[in-house]
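Residue numbers start from 1 in every chain, and the chains themselves are labelled A, B, ... in the order their sequence lines are given, proteins ahead of strands. Please read these numbers as outputs of a predicted model, since none were measured by experiment.
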Protein chains: 2
Amino acid sequence: MSGRQGPRGRPQGWQAIRDDVLARIRAREWPPGAPIPHEADLAEAYGAARATVNRALRALAEAGWLDRRRKAGTRVALNPVRRATFDIPVIRLEVEGRGMTHAHRLLARCERPATAAEAERLALPAGATVLALETLHLADDRPWAWECRIVWPKAAPGVREADLTAISVNEWLVRNAPFSHGSIAFSAVAAGHEAAGRLGCAPGAALFAIDRTTWAGPDPITEVRLLFAPGHVLSSTI
Amino acid sequence: MSGRQGPRGRPQGWQAIRDDVLARIRAREWPPGAPIPHEADLAEAYGAARATVNRALRALAEAGWLDRRRKAGTRVALNPVRRATFDIPVIRLEVEGRGMTHAHRLLARCERPATAAEAERLALPAGATVLALETLHLADDRPWAWECRIVWPKAAPGVREADLTAISVNEWLVRNAPFSHGSIAFSAVAAGHEAAGRLGCAPGAALFAIDRTTWAGPDPITEVRLLFAPGHVLSSTI
DNA sequence: GGCGTTATTAAGTATATACATAATATCCGA
DNA sequence: TCGGATATTATGTATATACTTAATAACGCC
């Protein structure tokens with residue numbers, strides 16, 4: 001949490017109000033569940049306009065510290081749900097961001113009809129053909145992540161023609177097939193024989209997995225499972 | 001992405017501007033890296049005040065779609081970094097949210113000097129005494145997560161006296177020792193013998209792990225490792 | 001007392017205006 | 001031509017004002 005800095009490194013303006021309110025919440029001056037003064041009162045107390053106070057309180061509400069409802073007023077959140085946010089960049093950038101060099105190999109590429117399960121999950125029309133791709137991402141020439149993906153070419157025009165050995169599907173899609181929404185799930189899975197072979201680890205090793213599905217409006221673009229080499233850690237600050 | 005709804009379910013006001021700008025970005029009318037019109041121009045184009053346009057563009061910048069810099073103007077983000085945000089509630093609420101009943105058992109509790117590694121990680125004073133706790137969380141009477149935690153009582157006054165069999169440490173800390181910041185990391189680890197025993201799974205099974213450290217200003221509050229029973233999935237929408 | 005209508009309230013949004021700030025662009029002198 | 005001072009510019013923030021909206025509270029009727 002930062003902001004415009006005043007003479008002694010303290011934020012000014014709405015960020016100062018935000019920080020002061022947060023300090024009072026932390027100090028239990030306004031305990032969880034308790035209502036805090038109205039915007040108008042706070043505005044007067046801080047000698048600021050209501051819009052400025054609104055900006056500060058809105059920021060705290062977005063961060064999960066306050067619950068705000070029209071007419072009901074503003075209350076300190078009862079269950080201080082903390083949000084962890086993870087940036088999900090292109091794999092290449094993730095690797096390079098750790099000071100390693102990235103490379104990828106397109107291990108397999110074929111067009112085939114979607115399986116029943118895939119068609120179900122992605123709401124694909126019956127008998128739809130998908131592009132199935134298998135990519136190995138390398139960091140400093142060592143296996144980093146194994147990517148198994150299906151793409152629905154209808155929702156990603158141009159994939160068929162793209163040279164996916166030069167640019168990874170991952171990156172191609174990010175740049176050429178913007179999605180409107182999707183889901184992401186993290187889990188831990190035991191390496192199967194195939195994964196173990198790809199990633200150069202023992203079968204049964206604990207692997208970090210990311211499953212992601214993305215959509216462009218009503219159309220599914222892609223579904224992917226990423227299995228990372230053992231030891232992978234996804235971290236963030238809260 | 002939602003907002004105030006107009007007659008046909010379409011957002012109004014600044015959210016309409018946000019959605020329109022986003023649509024143009026998606027349609028490549030403003031391709032990645034390209035500058036978009038100035039706030040003042042957009043305001044005129046949309047027939048709105050600059051503050052309203054500002055609100056819309058700020059929202060898109062926070063979501064990672066735009067890069068904004070004073071004087072330099074506003075550009076479509078070159079690397080559309082998508083952010084996944086996870087709510088990190090109290091474990092009890094997470095379990096109950098899935099329609100199961102939560103219970104916990106305090107397996108161990110002792111006060112001991114911090115190990116060298118712990119003191120290092122948490123910047124504890126030499127020879128500091130920490131409270132070490134081991135808790136098993138149950139969902140519908142089946143193991144859900146195994147929690148190994150150390151707490152620095154100095155930064156969490158009252159923990160020593162708290163009845164941690166009635167309320168889990170997890171929840172006690174959330175309610176009584178608000179933190180200012182911290183770190184969180186997700187990974188996959190193989191179950192050791194102890195974890196396997198606690199969670200009722202085979203040794204070597206792939207477990208989803210969350211490591212978290214929280215601070216109250218300069219003081220470390222707690223460090224915890226959560227190992228979830230096999231099959232645990234952390235999901236979110238993006 | 002129970003229930004539906006109305007009044008009130010506090011947040012949400014929109015606007016015009018003004019000034020601040022951080023980059024960039026320009027200019028000018030050595 | 002280089003480097004530093006200066007002007008310019010787009011965003012960032014603050015303000016007063018006004019109106020909207022959702023939810024609660026009050027009211028009055030039956």
Side-chain angles (χ1 to χ4, degrees), chain A residues 1-22 25 30 33-78, chain B residues 1-22 25 30 33-78:
Chain A
M1 200 155 288
S2 67
R4 190 163 44 135
Q5 303 278 304
R8 279 180 308 166
R10 254 215 271 296
Q12 296 178 329
W14 69 268
Q15 326 207 22
I17 298 178
R18 174 199 63 189
D19 290 356
D20 187 72
V21 171
L22 182 52
I25 295 172
W30 296 325
I36 76 170
H38 312 144
E39 284 189 352
D41 293 350
L42 286 174
E44 198 185 359
Y46 286 113
R50 187 167 78 90
T52 308
V53 173
N54 181 282
R55 184 100 163 73
L57 297 188
R58 205 165 8 101
L60 289 172
E62 279 165 15
W65 288 102
L66 295 175
D67 283 334
R68 318 196 73 198
R69 271 160 58 218
R70 279 175 172 162
K71 161 72 181 176
T74 302
R75 295 172 169 276
V76 179
L78 210 46
Chain B
M1 201 155 289
S2 66
R4 190 163 44 135
Q5 302 279 302
R8 280 180 307 166
R10 254 214 270 296
Q12 296 178 330
W14 69 270
Q15 326 205 25
I17 298 178
R18 174 200 63 191
D19 290 355
D20 186 73
V21 171
L22 182 51
I25 295 172
W30 296 325
I36 76 170
H38 312 144
E39 285 189 352
D41 292 351
L42 286 174
E44 198 185 358
Y46 286 113
R50 186 167 79 88
T52 308
V53 173
N54 182 283
R55 184 100 162 73
L57 296 188
R58 204 160 16 96
L60 288 172
E62 279 166 15
W65 288 101
L66 295 175
D67 284 333
R68 318 196 73 197
R69 269 161 59 220
R70 279 174 171 159
K71 163 74 181 173
T74 302
R75 294 172 170 276
V76 179
L78 210 46

Nucleic acid contacts of residues 48-55 of chain B, taken as heavy-atom distances under 4.0 Å to DNA chain C: A48(B), A49(B), R50(B), A51(B), T52(B), R55(B)
H38(B) NE2 - dA23(C) P separation (whole Å): 17 Å
Lys/Arg-Asp/Glu bridge criterion (N-O < 4.0 Å) met for E62(B), R68(B): no
No-hydrogen, no-angle side-chain donor-acceptor test under 3.5 Å, R58(B) and N54(B): yes
Worked verdict on L57(A) versus I36(A) for side-chain contact (heavy atoms from CB on, under 4.5 Å): CA-CA 10 Å; L57(A) 297 188; I36(A) 76 170; 4.1 Å; yes
Nearest-angstrom distance from the residue atom CG of D67(A) to C1' of dA22(D): 16 Å
Rounded interatomic separation in angstrom, taking CZ from R18(A) and P from dA14(D): 11 Å
Side-chain N or O of R58(B) closer than 4.0 Å to phosphate OP1/OP2 of dT13(D): no
Closest listed nucleotide, where the reference is the side chain of R68(A) and the choices are dA23(D), dT11(D), dA11(C): dA11(C)
Length of the line joining L66(A):CG and dG12(C):C1', which is rounded to integer Å: 16 Å
From I17(A) atom CD1 to L22(A) atom CG, the distance as rounded to the nearest 0.5 Å: 13.5 Å
Minimum-distance nucleotide to K71(A) side chain [options: dA14(C), dA22(C), dA22(D)]: dA22(D)
Whole-Å gap separating C1' (dT21(C)) and CD (Q12(A)): 11 Å
Residue pair D67(B) / A77(B): nearest heavy atoms and the distance that separates them: OD2-CA, 3.9 Å
side-chain N/O Q15(A) vs dT13(D) OP1/OP2, d < 4.0 Å: yes
Y46(B) and D20(B): CA distance, side-chain angles, deciding distance, side-chain contact (heavy atoms from CB on, under 4.5 Å) verdict: CA-CA 10 Å; Y46(B) 286 113; D20(B) 186 73; 2.4 Å; yes
Selected nucleotide, minimal atom distance to E39(A) side chain, candidates dT21(C), dA11(C), dA14(C): dA11(C)
Atom-to-atom span, CD1 of I36(B) to C1' of dA10(D) - whole angstrom: 12 Å
Side chain R55(B), main chain W14(B), donor-acceptor under 3.5 Å: no
R70(A) side chain, from C-beta outward: closest of dA22(C), dT21(D), dA23(D): dT21(D)
OP1 or OP2 of dA11(C) under 4.0 Å from side-chain N/O of T74(A): yes
R69(B) CZ - dT21(C) P separation (whole Å): 19 Å
